[in-house]
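Structure record follows, encoded as structure tokens.
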4 protein chains.
Amino acid sequence: MNYNKVVLVGRLTRDPEVKQTINGTIVATFTIAVNRSNKRGNDEVDFIRIVTFSRLAEFVQNYLTKGRLVLVEGKLRINRWQTSDGQNRTTPEIWADQVTFMDKKDDVPIVPEAENEIEYDELFDNNDNDEPPF
Amino acid sequence: MNYNKVVLVGRLTRDPEVKQTINGTIVATFTIAVNRSNKRGNDEVDFIRIVTFSRLAEFVQNYLTKGRLVLVEGKLRINRWQTSDGQNRTTPEIWADQVTFMDKKDDVPIVPEAENEIEYDELFDNNDNDEPPF
Amino acid sequence: MNYNKVVLVGRLTRDPEVKQTINGTIVATFTIAVNRSNKRGNDEVDFIRIVTFSRLAEFVQNYLTKGRLVLVEGKLRINRWQTSDGQNRTTPEIWADQVTFMDKKDDVPIVPEAENEIEYDELFDNNDNDEPPF
Amino acid sequence: MNYNKVVLVGRLTRDPEVKQTINGTIVATFTIAVNRSNKRGNDEVDFIRIVTFSRLAEFVQNYLTKGRLVLVEGKLRINRWQTSDGQNRTTPEIWADQVTFMDKKDDVPIVPEAENEIEYDELFDNNDNDEPPF
DNA sequence: TTTT
DNA sequence: TTTT
């Protein structure tokens with residue numbers, strides 16, 4: 001009974017950083033600048049940290065660079081942690097499950113999100129009446 | 001450079017229908033009534049057809065019933081097809097990749113959507129400075 | 001207890017059409033082609049009809065043209081109607097409440113969506129302790 | 001060319017707090033707990049701060065209470081501020097433009113979001129051919 | 001009926 | 001064809 005979805009379009013503030021977890025999973029992180037569309041200028045920005053894993057992280061590593069415009073879909077996480085002197089801190093970040101280019105540069109592969117890989121027209125026998133395909 | 005996302009909350013108008021594709025994939029479909037929140041009454045409704053596959057379809061088959069309130073996330077598809085006498089028709093439907101209960105009945109399992117199954121706290125060595133965990 | 005949200009990114013298949021309602025409200029409609037990102041080519045498309053009103057319709061009329069890439073946010077409506085010989089038909093369309101360019105051409109005004117027009121920094125007295133601004 | 005949208009479903013951790021800005025605008029804030037749907041238990045939660053203004057804030061003040069399940073739609077803001085001793089801090093929050101109940105208690109008014117208030121059926125002259133209403 |  |  002819970003739901004958490006974020007969709008953002010913005011530009012990379014730097015090239016992504018890539019690390020590996022202790023069990024070998026690749027993790028790519030980057031920050032996007034999302035301008036707040038206010039009428040008189042564009043001085044307000046949110047800098048939002050994006051985290052990607054595995055196959056999506058490899059895509060990010062290989063193709064995303066500073067300045068590119070991307071659409072990011074994922075979940076908002078509010079990470080809670082402590083400083084060395086025991087103060088509580090909070091870091092927001094998006095765990096992305098989809099990243100799509102919104103600008104064209106060189107040709108770049110589409111990153112297939114995790115989903116049903118079924119071909120629609122192969123699904124059913126033809127029907128020959130006035131009903132929709134399902 | 002394309003994106004397609006739909007999020008709906010509404011009630012099942014009937015129990016789901018379950019079929020199988022010619023290669024054995026299970027397909028469960030149902031319609032939800034999504035009321036348009038107009039101020040003076042609630043007479044306007046959109047009846048929206050939802051299609052689910054595989055594991056999600058099994059979940060739908062096992063737990064969704066007429067009248068239940070669900071959140072559905074997926075993609076809008078406008079299917080084009082022809083009647084037997086050659087007329088063009090169009091059927092909108094949502095190919096869901098997530099279905100979540102919004103009402104409580106008996107206890108029911110969470111359906112895990114396809115996603116990164118990584119445990120956050122196992123990811124990295126502890127850091128002992130004033131930096132966030134990544 | 002209902003919710004209906006659609007977010008799409010796609011290209012205009014033609015220039016918008018503009019009409020007026022019987023009481024003078026301007027209505028601009030257009031269709032966007034939203035490609036389904038399948039791996040081996042890009043042959044599958046959804047053609048989705050978008051409807052805008054009033055101030056947003058004027059923006060659409062003035063700045064949107066065939067081929068432009070836009071992000072559209074709105075509600076899915078399944079309109080039910082009858083043909084002249086009494087057959088039931090159904091037409092899906094998106095009633096947009098936000099349209100944003102995703103490609104750059106000439107400079108074009110931002111269309112302010114209906115929202116809270118409050119300036120953040122004018123909101124409160126300065127606080128001079130360790131608390132966030134609210 | 002920027003976009004920022006968040007949709008969350010979760011429960012209020014406390015009753016909302018209500019303040020006023022220096023120019024009289026009412027501001028209601030509250031925190032929702034959004035559980036991460038992990039398979040083996042439900043120990044992980046994100047506590048996400050929600051900010052509402054004006055009419056929506058009044059609705060929040062009058063009807064939302066601790067424990068209620070709500071759907072919140074809005075924009076993610078990463079507020080940057082400084083502590084009294086000059087340290088930089090960051091506070092994430094959602095500026096909501098829609099809040100909807102997801103549980104039923106007593107009957108409660110629908111809060112109309114800012115949008116086009118046009119009645120569909122009053123829009124056009126009747127058409128009596130095989131075309132959809134627009 | 002369709003966009004790149 | 002329709003849910004609360």
Side-chain angles (χ1 to χ4, degrees), chain A residues 100-108 110 130-132 134, chain B residues 1-4 8-17 29-38 41-50 64-72 78 80 82 87-91 93 101-105, chain C residues 1-4 8-17 29-37 41-50 64-72 78 80 82 87-91 101-105, chain D residues 100-108 110 130-132 134:
Chain A
T100 313
F101 288 118
M102 283 292 114
D103 54 2
K104 195 164 221 149
K105 206 145 273 189
D106 27 39
D107 239 16
V108 118
I110 291 158
D130 278 20
E131 290 306 301
F134 279 104
Chain B
M1 297 179 44
N2 279 173
Y3 185 69
N4 184 332
L8 301 168
V9 178
R11 292 190 184 277
L12 289 250
T13 61
R14 296 159 168 254
D15 290 349
E17 282 178 34
T29 60
F30 57 96
T31 295
I32 57 173
V34 182
N35 300 120
R36 301 177 189 165
S37 55
N38 61 332
N42 225 172
D43 42 344
E44 293 180 286
V45 202
D46 293 290
F47 295 105
I48 304 177
R49 176 189 175 76
I50 313 294
L64 290 200
T65 48
K66 178 178 174 174
R68 294 220 54 177
L69 187 70
V70 288
L71 183 152
V72 172
I78 309 289
R80 288 166 292 165
Q82 291 214 132
Q87 288 190 285
N88 292 309
R89 291 288 159 75
T90 224
T91 320
E93 58 195 19
F101 286 118
M102 284 292 114
D103 55 2
K104 196 165 221 148
K105 208 146 273 190
Chain C
M1 298 178 46
N2 280 171
Y3 185 68
N4 184 333
L8 301 167
V9 178
R11 291 190 184 277
L12 288 250
T13 61
R14 295 159 169 256
D15 289 349
E17 281 179 35
T29 61
F30 56 97
T31 296
I32 57 173
V34 182
N35 299 120
R36 299 175 189 168
S37 56
N42 224 172
D43 41 344
E44 292 180 285
V45 202
D46 292 290
F47 295 106
I48 303 175
R49 176 186 174 76
I50 313 294
L64 290 200
T65 48
K66 178 179 174 174
R68 294 220 55 177
L69 187 69
V70 288
L71 182 150
V72 172
I78 309 289
R80 289 165 292 164
Q82 291 213 132
Q87 289 189 283
N88 292 308
R89 290 289 158 76
T90 225
T91 320
F101 286 118
M102 285 291 114
D103 55 0
K104 195 163 222 147
K105 208 147 271 190
Chain D
T100 314
F101 287 117
M102 284 292 115
D103 54 1
K104 195 163 223 151
K105 208 148 273 188
D106 26 38
D107 240 18
V108 117
I110 290 157
D130 280 20
E131 290 307 300
F134 281 104

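All chains are named by letter (A, B, ...) in the order of the sequence lines, taking the proteins before the strands, and each is independently numbered beginning at 1.
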- Query: Under the criterion side chain to side chain contact (heavy atoms under 4.5 Å, CB included), which of Val70(C), Asp103(C), Ile32(C) is the partner of Arg11(C)?
  - Reply: Asp103(C)

- Message: Just the rounded figure in Å: distance from P of dT3(E) to CZ of Arg68(C).
- Response: 17 Å

- Query: side-chain contact (heavy atoms from CB on, under 4.5 Å) with Met102(C): which residues, sequence neighbours excluded?
  - Reply: Val9(A), Met102(A), Val9(C), Leu69(C), Leu71(C), Thr100(C)

- Query: What is the distance from CZ of Arg36(B) to P of dT2(F), rounded to the nearest Å?
  - Reply: 15 Å

- Task: Go through the N and O atoms of the side chain of Arg14(C) and the base of dT3(E), and report whether any donor-acceptor pair is under 3.5 Å.
- Result: no

- Provide, to the nearest angstrom, the distance between the CZ atom belonging to Phe30(C) and the P atom belonging to dT2(E). 19 Å

- Note on the structure: To the nearest angstrom, the CD-P distance between Gln87(C) and dT1(F) comes to 12 Å

- Query: Nearest-Å distance, CD1 (Ile32(C)) to P (dT2(E))?
  - Reply: 17 Å

- Message: Heavy atoms from C-beta onward define the side chain here; which of dT2(F), dT4(F), dT2(E) lies closest to that of Phe47(B)?
- Response: dT2(F)

- Could you state the CG-P distance from Asn35(B) to dT2(F), rounded to the nearest angstrom? 14 Å

- Item | Candidate nucleotides dT3(E), dT2(F), dT3(F), ranked by approach to the side chain of Thr31(B) - the nearest | dT2(F)

- Task: Would you kindly give the CD1-to-P distance between Ile78(B) and dT1(E), to the nearest whole Å?
- Result: 15 Å

- Set of residues satisfying side chain to side chain donor-acceptor pair (under 3.5 Å) with respect to Asp46(C), sequence neighbours excluded: Arg36(C)

- Hey, is the side chain of Asn88(C) poking within less than 4.0 Å of OP1 or OP2 on dT1(F), counting only N and O atoms? yes

- What's the CD-P distance between Glu44(B) and dT2(F), to the nearest Å? 16 Å

- Kindly indicate whether the side chain of Thr31(B), heavy atoms from C-beta on, has any atom under 4.5 Å from the side chain of Arg14(B). no

